[in-house]
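Report on the structure given below.
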Amino acid sequence: MIKIKRALISVSDKKGIIDFAKILIKYNVEILSTGGTAKLFAENNIPVIEVSDYTGFPEMLDGRVKTLHPKIHGGILGKRDDEKHLQTMIKSNIPLIDLVVVNLYPFEATISKENCPLSEAIENIDIGGPAMIRSSAKNYNGVAVVTDNSDYKMIEDALKKNDGALNLECRFILAKKAFEHTAKYDLAISNYLNGLDTNKNVTYPKKLNLAFNKKMDLRYGENPHQSASFYVDEIATKGSLASFKQLQGKELSYNNLNDADTAWECVKSFKLPSCVIVKHANPCGVGSSKDLLDAYKKAFSTDPTSAFGGIIACNTALDKNTASQIISQFVEVVIAPSYEAESLKIFESKPNIRLLEVTLDNNFNAFELKKIGGGLLVQSPDNFNIDMDHCKIVSKLKPNQEQMADMLFAWRVAKYVKSNAIVFCKNNQTLGIGAGQMSRVDSTKIASIKAQNANLDLINSVVASDAFFPFRDGIDVLATAGAKCVIQPGGSLRDEEVISAADELGLVMLFTGYRHFRH
């Protein structure tokens, strides 16, 4: 146990610090502090000794030098069980410092400001703070270091339990968090500076440093013999799956989250109440309607066989009627921005179903990452959604408003289907989805077959293709199936041949000029 007799407090984020300081005063802890923190304590009648008075050396260089002094770092780094250290400290009039409470200049908040000048960013690089944190964490055998204000309550409880002392286990936990804190801080600075070229932002820095926090261990990996964990970005994008709250159900697996991410990102792209069912990282059914239950029925009827054991995502509050329908099938995970109270009661009858609640927001990650052997692929997100203004009608026939709406719906679905992707749709409903084939014509055939197996009529349907048709054979297949419209990027050497086939077969054809490969 280490009795806390002297604390050094210097915090940028002052949330909760007044109440915490009052707790320390109860245990007769002497408080040292700097600048704004010391002023705040004085204004709240908390006894405090300014660091400059303590060291006998004033702050200087516009506050750049405050705590970089032997009386500070000696008091932190001196070994309590080393007689030579202790004698040196006595000789040099360096008292022990038992507790260090420090959080750092808001560097990340500063650089997130629009058009933040480099000079302002540089001035928000903390020097004394990281030095104190690292010194304290290194000497955790004799010093406790607090970098997270959410830990104040833990310290308070520990002091109360141990009559003003902190045990080794508590100090070691705090030391690990402290090194994580400074590592994250240095990563942010390094990434920022590496992302500059003569003071101008560059998209991809020469060195990419990443920091992720472990959120949970997973049930298993892609297969039961593989272990897995889920890590989240330090600053998770608002509305991303990483922010989920699990309301009920078994532990999540690697595949659950991988499929859930596809389902959630897809359903977020629709404005009407919508439902997306995903199996093996591919949508197997998507529906939109004015009513969520109807949207679910549309999605499920696309491919009831593949929907077995799938992941279901909704973009609006999940009501009791939809919940009652969902539990009639076998489902692994349900995702929604919220759940009506009655729907939660309905799901209680199926306690193994994993219910995830995620705030609905249309933000995207800044980058998409994919690990390959010995390296990392990094790209910007595919966050482009077209409207009619982006489309070029290349066929002789022109689409009516209903056909146009269906093609835009189909195009949004195709974006989330593994390439080569073909999607038949009509009336805001997927009818047949062909995914992940090496040949586009094979994907077209599979999509048509799936619609037939589900007894869905493809007459007057529309088709979206995630990339261009290299030959007319795919056009022949979809026309034979009953489709009347095709939306695709264009850009093939045989575009004229494909357009001629569409005209010959009486099809509407749109070019978007954008491809949506998904591997």
Side-chain angles (χ1 to χ4, degrees), residues 1-56 59 66-67 69 71-81 86 89-90 93-104 126 128-129 131-181:
M1 292 285 184
I2 294 293
K3 189 82 170 180
I4 306 300
K5 297 179 180 179
R6 183 173 293 105
L8 192 159
I9 304 176
S10 180
V11 291
S12 176
D13 179 0
K14 295 177 173 57
K15 180 181 178 182
I17 196 61
I18 294 297
D19 290 338
F20 184 63
K22 289 178 179 178
I23 295 298
L24 297 180
I25 295 299
K26 285 183 179 180
Y27 291 95
N28 299 313
V29 176
E30 181 181 79
I31 296 178
L32 314 176
S33 191
T34 61
T37 308
K39 182 180 178 183
L40 180 66
F41 287 158
E43 290 171 348
N44 285 272
N45 299 316
I46 294 172
V48 61
I49 300 172
E50 287 241 24
V51 163
S52 58
D53 295 331
Y54 181 75
T55 62
E59 292 184 13
K66 300 178 184 176
T67 57
H69 191 281
K71 198 168 182 179
I72 297 297
H73 287 276
I76 295 171
L77 283 166
K79 293 181 180 179
R80 274 62 172 169
D81 57 356
L86 294 175
M89 293 173 72
I90 292 171
N93 188 28
I94 298 177
L96 295 172
I97 296 174
D98 312 298
L99 174 66
V100 173
V101 183
V102 174
N103 54 56
L104 306 173
D126 204 321
M132 288 189 291
I133 291 172
R134 290 174 62 84
S135 296
S136 307
K138 176 178 180 176
N139 201 26
Y140 69 88
N141 272 311
V143 181
V145 55
V146 184
T147 56
D148 185 348
N149 50 28
S150 68
D151 287 328
Y152 294 165
K153 182 64 167 64
M154 178 186 75
I155 303 299
E156 179 184 350
D157 293 343
L159 292 173
K160 187 180 297 183
K161 180 180 179 182
N162 302 310
D163 192 26
L166 295 176
N167 63 27
L168 180 63
E169 181 184 7
C170 176
R171 300 195 305 273
F172 186 57
I173 290 170
L174 292 169
K176 288 191 289 186
K177 289 191 70 171
F179 280 119
E180 289 170 2
H181 188 68

Item to complete: Report yes if some heavy atom in the side chain of Ile17 is under 4.5 Å from a heavy atom in the side chain of Ile9; otherwise report no.
Response: yes
Worksheet item: Can you check whether Gly78's main-chain N or O pairs, donor with acceptor, with Asn139's side chain at less than 3.5 Å?
Response: yes
Discussion item. Applying side chain to side chain contact (heavy atoms under 4.5 Å, CB included) to Glu30 and Ile49, what does each step give before you reach the verdict?
Written reply: CA-CA 8 Å; Glu30 181 181 79; Ile49 300 172; 3.6 Å; yes
Item to complete: Enter the distance from Asp148:CG to Lys177:NZ here, rounded to the nearest 0.5 Å.
Response: 4.0 Å
Worksheet item: How close do Gly75 and Ile94 get, heavy atom to heavy atom, and via which atoms?
Response: N-CG2, 3.3 Å
Practice prompt. Give the C-alpha distance, both sets of side-chain angles, the deciding distance and a yes or no for side chain to side chain contact (heavy atoms under 4.5 Å, CB included) between Ile155 and Ile4.
Written response: CA-CA 11 Å; Ile155 303 299; Ile4 306 300; over 6 Å; no
Fill in: Student check: side-chain heavy atoms of Val100 and Ile76 closer than 4.5 Å
yes
Worksheet item: What heavy-atom pair brings Ala7 and Leu24 nearest, and what distance separates the two atoms?
Response: CB-CD1, 4.1 Å
Practice prompt. For residues Asn103 and Asp13, report the shortest heavy-atom separation together with the two atoms involved.
Written response: OD1-N, 2.7 Å
Discussion item. Donor-acceptor pair, distance only, cut-off 3.5 Å: does the side chain of Arg171 make one with the backbone of Asn141?
Written reply: yes
Worksheet entry | For the student: nearest non-hydrogen atoms of Leu166 and Ala158, plus distance | CD2-CB, 3.5 Å
Worksheet entry | Non-hydrogen side-chain atoms of Asn167 and Cys170 separated by less than 4.5 Å | yes
Worksheet item: Just how far is it from atom CZ of Phe179 to atom OG of Ser136, taken to the nearest 0.5 Å?
Response: 9.0 Å
Worksheet item: Which class fits the ring pair Phe20 and Tyr152: parallel under 30°, tilted 30 to 60°, perpendicular over 60°?
Response: parallel
Item to complete: Please step through side chain to side chain contact (heavy atoms under 4.5 Å, CB included) for the pair Val29 and Arg6, ending with a clear verdict.
Response: CA-CA 5 Å; Val29 176; Arg6 183 173 293 105; 5.5 Å; no
Item to complete: Mind checking the CG-CD1 spacing from Leu77 to Ile72? Nearest 0.5 Å is all I need.
Response: 11.5 Å
Worksheet entry | 4.5 Å side-chain heavy-atom contact, Leu99 and Val146 | yes
Fill in: Minimum-distance pair of heavy atoms, taken over all atoms of Leu32 and Ile97
CD1-CD1, 4.1 Å
Worksheet item: So, Asp98 side chain and Val143 main chain: donor-acceptor pair closer than 3.5 Å or not?
Response: no
Worksheet item: Could you walk me through whether Ile31 and Phe41 pass the side chain to side chain contact (heavy atoms under 4.5 Å, CB included) check?
Response: CA-CA 10 Å; Ile31 296 178; Phe41 287 158; 3.9 Å; yes
Discussion item. A side-chain contact here means heavy atoms from C-beta on lying under 4.5 Å apart; do Ile18 and Lys22 qualify?
Written reply: yes
Fill in: Donor-acceptor contact present, side-chain Thr37 to main-chain Ser33, <3.5 Å
no
Worksheet entry | Flag if over 12 foreign heavy atoms under 6.0 Å of CD, Glu169 | no
Fill in: Asp163 backbone acceptor or donor facing Lys3 side chain under 3.5 Å
yes
Worksheet item: With side chains defined as the heavy atoms from C-beta onward, is the minimum distance between Leu40 and Ile46 less than 4.5 Å?
Response: no
Fill in: Donor-acceptor under 3.5 Å (Lys153 side chain, Ser150 main chain)
no
Worksheet item: Under 3.5 Å, side chain of Asp151 to main-chain N/O of Met154, donor-acceptor pair present?
Response: no
Discussion item. Less than 4.5 Å apart, side chain to side chain, heavy atoms only: is that true for Lys160 and Tyr27?
Written reply: yes
Fill in: Where Ser10 and Thr34 come nearest, the two heavy atoms and their spacing
OG-OG1, 2.7 Å
Response to the item:
Taken to the nearest 0.5 Å, the spacing of Lys26 NZ from Glu156 CD works out to 7.0 Å
Fill in: Atom NZ of Lys14 with >12 non-hydrogen neighbours under 6.0 angstrom
yes
